[in-house]
Amino acid sequence: MTESQQPGSDTRYLREIISERQAKADTLRTAGVDPYPPRTGRTHPIGEALEVFRAHEQTSPEADGPDVIVAGRIAALRNMGRIAFVDLQDDTGQIQILASKRALGEAWKLLDAFDLGDFLEASGPLIRSRRGEISVQANAVAMLSKALRPPPEKYHGLQDIETRYRQRYLDLIANDEAKELLRTRSRIVSAMRRFMDDRGFLEVETPVLQSEAGGAAARPFLTHLNALDEPRQLRIALELHLKRLIVGGFDRVYEIGRIFRNEGIGNRWNPEFTMLESYEAYADYHGVAEMVEAALAYIATEVTGSMCVPWGDGEIDFTPPFARVTMVDAVKQHVGVDFRDYPTIEAMEGLLRENGVAIPPDAGWGKLFDELVSERVEPHLQQPTFLLDYPLAISPLAKRTEYDETLVERFELFVGGWELANAYTELNDPVDQRQRFEEQLRLKDAGDDEAELLDEDFIIALEHGMPPTGGLGMGMDRLAMLMTNSQSIRDVILFPLMRKL
RNA sequence: GGGUCCUUAGCUCAGUUGGCCAGAGCAGCGGACUUUUAAUCCGAAGGUCCUGGGUUCGAGUCCCAGAGGACCCA
């Protein structure tokens, strides 16, 4: 890491650079110019100005283009003594400013106060320079905002990975690819929202601060509510509140929200991440699977122009329908046994040992099974695959299958070997749900700190009646990784969690 | 939790088996230049070699500990 990342630890040389820039701001002030004026007279975003000139060239190629006022950050500055070229950037593009001593007169001197990274406004006609670059032939320039610190080097961009994450604004200034990637992430979330809206789903917001975070197997972050002097937890899932809304009669709801899990940090794990959950009354998990296929095909097409997106050395094909395989068959295929023949902790431990899978300490049957599937099944699921019908033991919120009471109507969608989505035919029998929670409490007492807590109000809601419902959860960060061929979740999160300096 | 690798100027990077005063490009500073676009040319600067110990006549380089980061494994 570098000194500049530690606030207040600038080296002497960097402080010199900063004071030189401050001196330039003072020079402007002395000349009666505010280096931080409140507004600009901009007439066109840069991209629009470029279009305006191209259109103008079609009709009257010989004449100068119309006058414009453009504004942006100085990306490059080439001063030739009596003429200078300034590259200005905004979010829509880059344009060259042609500033000459003759045209600017007295104002030419002000150019000395401009540095790379400053925001500048220029007004004048659009022209093509002798070398063919569309330019604004400035008859006036103005400072819009003086930058006191130098930008990263222009040619190589900002390479230091740590600085790119910690000071993302520098990454965005210096690296077009990073900006494009994070823009794409936004387009993915936006496409997902559009997809859900178009299907008649109502977007809602549910509480982040909860008495007891439920709806998933994860450790929560703990906080304190001063006003009531009560403990609170940050949500680990959206599930239980969205189902209350199904009880309330909103038949199609979804939420795209941040959830928090006080667990590992890694290439695919950030402690706070963005989850989509949706619930649809009168649907089951098969209907949800079809919706997921349609959503991913839509998003891939919207974002990349194709249902086949590059992934590593190959590609992922999101063309529906995706492969479907039951958990029973998948385990048979990759482990060679029917896992239902291993119903006890001891038997499952033996199966893990036989397959060379390390046995986690204090694990119940569910955790052992989960470990086996993570190690021996999931990595095989590279192309989009629905893994169907999970053991009831690891699915306390899902409805039992009609053909086997130890299994539930649940799928997880695997892509690239990772879990991307999780869905159930939701358990709507309040008595069964209470028993499932009670079983979770027994696991908790036995030492499983990820077991669910009994949410009494949620049970009461179910007792008021919930229609048959299909529910879905999907990790938006992982989706963004898959759609942008990113190897690290940090690349698709603007401000990933980093250790405190 | 374990292992491997990385950290040198504002930025991007060199730095030999341990050996003179730690280098370059960009940016910045002074100067030249009226069509450049990684502008060019001349000049002068700019360093807590991540931090702290140790070995040594001598450490950016070797050893130990720590910080931050990357990757792999559990």
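Reminder, nothing fancy here: chain letters follow the sequence lines and each chain counts from 1. Side chains included, hydrogens not; waters and symmetry mates left out as well; all remaining heavy atoms used.
Residue A:N267 has its side chain nearest to B:C72 when only B:C72, B:U12, B:A70 are considered. Closest contact between the side chain of A:T11 and the listed nucleotides B:U48, B:U35, B:A74 involves B:U48. Of the candidates B:U35, B:G69, B:A39, the closest approach to any side-chain atom of A:I83 belongs to B:U35.
Contacts between residues 94-102 of chain A and RNA chain B, counted as heavy-atom distances below 4.0 Å, involve A:Q96, A:L98.
A:R128 comes within contact range of no nucleotide atom at all, as no heavy-atom separation falls under 4.0 Å.
Considering only side-chain N and O atoms, A:R499 lies under 4.0 angstrom from the phosphate OP1 or OP2 of B:G69. Taking 4.0 angstrom as the limit, A:R164 places none of its side-chain polar atoms (N or O) nearer than this to OP1 or OP2 of B:C11. Look at A:R166 and you'll find a side-chain N or O under 4.0 angstrom from OP1 or OP2 of B:G69.
A gap of 16 Å separates the C1' atoms of B:C6 and B:A14, to the nearest Å. Taking atom C1' in both B:G28 and B:G47, one finds a spacing of 16 Å when rounded to whole Å.
Remark: A:R478 is positioned above the aromatic ring of A:W269, its terminal NZ or CZ atom under 6.0 angstrom from the ring centre and at most 45 degrees off the axis.
Taking A:H380 as the reference, A:H334 meet the side-chain contact (heavy atoms from CB on, under 4.5 Å) condition, with sequence neighbours excluded.
For A:F414 and A:W418, the ring centers are positioned 6.0 Å apart or more.
Atom CG in A:D10 sits roughly 10 Å away from atom P in B:C11 (whole-Å rounding). Between A:I74 atom CD1 and B:A39 atom C1' the separation is 16 Å, expressed in whole Å. If you measure from atom CH2 of A:W269 to atom P of B:C73, you get 11 Å, rounded to the nearest angstrom.
In this structure, B:U16 makes no Watson-Crick or G-U wobble pair, since no nucleotide meets both defining distances under 3.5 angstrom.
Counting atom types as modelled, A:Q159 pairs no side-chain N or O with a base atom of B:U12 as donor and acceptor under 3.5 Å.
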Within the sub-3.5 Å range, which N or O atoms of nucleotides 24-28 of chain B have a protein N or O partner, and how far apart are they?
from	atom 1	to	atom 2	distance (Å)
B:G25	N2	A:E153	OE2	3.3
B:A27	N1	A:Y13	OH	3.1
B:G28	O2'	A:E20	OE1	2.4

